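Heads up: the structure comes next, in structure tokens.
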Protein chains: 2
Amino acid sequence: MHHSAATLECQHALTYYNSPMIDDSPQKTRRCDLTRASILSAARERFATDGYERATIRAIAADAGIDPSLVMRYYGNKEGLFAAAAEFDLCIPDLSALPRPEVGASMVDYFLTRWENDESLQALLRAAATNAGALEQMRSIFTRQVTPMVAALCGDPESAPTRAGLISSQLLGFALCRYVLQLPPVVAMPRDEIVKWLGPTVQRYALGTK
Amino acid sequence: MHHSAATLECQHALTYYNSPMIDDSPQKTRRCDLTRASILSAARERFATDGYERATIRAIAADAGIDPSLVMRYYGNKEGLFAAAAEFDLCIPDLSALPRPEVGASMVDYFLTRWENDESLQALLRAAATNAGALEQMRSIFTRQVTPMVAALCGDPESAPTRAGLISSQLLGFALCRYVLQLPPVVAMPRDEIVKWLGPTVQRYALGTK
DNA sequence: GATGTTTGCCAACGTTTGTTGACATGCACC
DNA sequence: GGTGCATGTCAACAAACGTTGGCAAACATC
């Protein structure tokens, strides 16, 4: 239900928080920050399981144990809430130091952990099917994070967008089947088997030829 | 709720009026069949572009040029309408006669034409992200049509579900990126290039080893 | 303790949604 | 011509939605 503080600080840094012991300009943890965080946590869960339109502000507020009007006060409107809930960074690590034949497997492995630890990604995928804002954000992540990574990896700026598109099609497609559609055999696949099957595919899309 | 099986053929072709003088046995096409068809056509379009919740009965009725209450009379309720609009058969051809190394490419090619000619598939994919009925239908298609085909192809009933899941992840993922997310490089890919990239992947999932 | 700000709840709004039933018009058949 | 079904329109319903403004309590600051 609740995100641990550790998962939150990496991607969704709460800027108002600072540790009073170390920081010299102490700004005490205001109460509103707590409810803001609980709203955000509830919103992520609802958006992830219900999608954008079916996740109602009233339900999110009920999950967070507060009044719906508070959501409006803190996040303006529903779109603002979603934007805050789905804001995150893929934090793609630098794979160029790895031995070339291993990049495919590492990529699959990294994205798997990412998908399983961050509800925002599932929320974004579900919402992107119907919500324009989520769609735009998904495109933005593709352009600004995935494509540059692939370009740095394969060294060919011309084919990089296509390669990034192919990799996304496989990784997003697998996430779709495993987390959204929940096709039984895909859900049942153990992690190492996924890497063994998908690794070579991603490897070829990233560095290989048609 | 009820729908005549005759009007919902595989290609949902519009049957025209037939002249009563020549025609002896078949029943005349009643007016209601025309409006039913126009409702279904409008519904497919709306569901495909807007998803389940955002596609309103009122909008569909307006597109079809009739009153919203008629939709209820002919299809019971919104779920019934969606079920009728998304009902279809993949009509997977028999690929086992093909030379083994070509099955991957043919499969990609076949599914591409299917996706581009039938709005129902896009409607189903978009709706499956949020609607339980669409999700169940997607799972059913996977179990009853995709998995048996893969099983007949690879001859191994044990690994068939996993292989079918992998193939679905790639094909659905590509459809997601091309038709729903519309990632620019994926949209821009010409058909033969898609086959060249995806063909070997599907081939390995269907017949190869990890 | 008075004051102003924060934090929260409550009631209500205006709109949109799926859905219903009453009523009008066309068409077929005795 | 009149009866009966088929086809379609209109008005309205109840529920749910996002959203708003007012008001009560908690808190901080002097």
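All of these numbers come straight from a predicted model, not from anything done at the bench. Every chain is numbered from 1, with letters handed out A, B, ... down the list of sequences.
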Next item on the list: Determine, for nucleotides 4-9 of chain C in 5'-to-3' order, which nucleotides have protein heavy atoms under 4.0 Å from the base (write B), from only the sugar-phosphate (write S), or from neither (write -).
Entry: ---BBB
Next item on the list: Would you list the pairs meeting salt bridge (Lys or Arg N to Asp or Glu O under 4.0 Å) in which at least one residue belongs to residues 137-147 of chain A, sequence neighbours left out?
Entry: E136(A)-R139(A)
Item checked: Rounded distance in Å - NZ (K78(A)) to P (dT16(C)) -> 16 Å
Next item on the list: Round to the nearest Å and state the distance from R58(A) atom CZ to dA16(D) atom P.
Entry: 10 Å
With a cut-off of 3.5 Å and sequence neighbours excluded, list every side-chain donor-acceptor pair involving residues 53-60 of chain A.
residue	atom	partner	partner atom	Å
E53(A)	OE2	T130(A)	OG1	2.3
R54(A)	NH1	T130(B)	O	2.9
T56(A)	OG1	A59(A)	N	3.0

Next item on the list: Report the distance from atom CE of M72(B) to atom P of dA11(D), rounded to the nearest whole Å.
Entry: 19 Å
Next item on the list: Starting from C1' on dT17(C), measure out to CZ on R54(A) and report it in whole angstrom.
Entry: 15 Å
Checklist line | K78(A) side, atom NZ; M72(A) side, atom CE - distance, nearest 0.5 Å | finding: 10.5 Å
Notebook entry, point to check: To 10°, what angle do the rotation axes through the five end pairs on each side of the helix from dG1(C)-dC30(D) to dC30(C)-dG1(D) form?
Noted result: 10°
Checklist line | side chain to side chain donor-acceptor pair (under 3.5 Å) partners for Y205(A), two or more places apart | finding: Q170(B), T201(B)
Margin query: The criterion is salt bridge (charged side-chain N to carboxylate O under 4.0 Å, His left out); which residues satisfy it with R126(B), sequence neighbours excluded?
Written below: none
Next item on the list: Provide, to the nearest angstrom, the distance between the CD1 atom belonging to I60(A) and the P atom belonging to dT19(D).
Entry: 11 Å
Item checked: Spacing between N77(A) atom CG and dT20(D) atom P, to the nearest angstrom -> 8 Å
Item checked: Whole angstrom value for the distance that separates P of dT19(C) from CD of E79(B) -> 9 Å
Next item on the list: Would you mind telling me which of dC17(D), dT20(D), dG18(C) lies closest to the side-chain atoms of I57(B)?
Entry: dG18(C)
Which donor-acceptor pairs under 3.5 Å do side chains of residues 64-71 of chain B form with protein atoms, sequence neighbours excluded?
residue	atom	partner	partner atom	Å
D67(B)	OD2	S69(B)	N	2.9
D67(B)	OD2	S69(B)	OG	2.7

Notebook entry, point to check: Any sub-3.5 Å donor-acceptor pair from Q137(A)'s side-chain atoms to A86(A)'s backbone N or O?
Noted result: yes
Checklist line | Set of residues satisfying side chain to side chain donor-acceptor pair (under 3.5 Å) with respect to Y179(B), sequence neighbours excluded | finding: E116(B)
Check: Can you tell me how far P of dC27(D) sits from CG of L34(A), to the nearest Å?
Finding: 13 Å
Next item on the list: Enumerate the residue pairs fulfilling salt bridge (Lys or Arg N to Asp or Glu O under 4.0 Å) with a member in residues 194-206 of chain A, sequence neighbours excluded, ordered by first and then second residue.
Entry: none
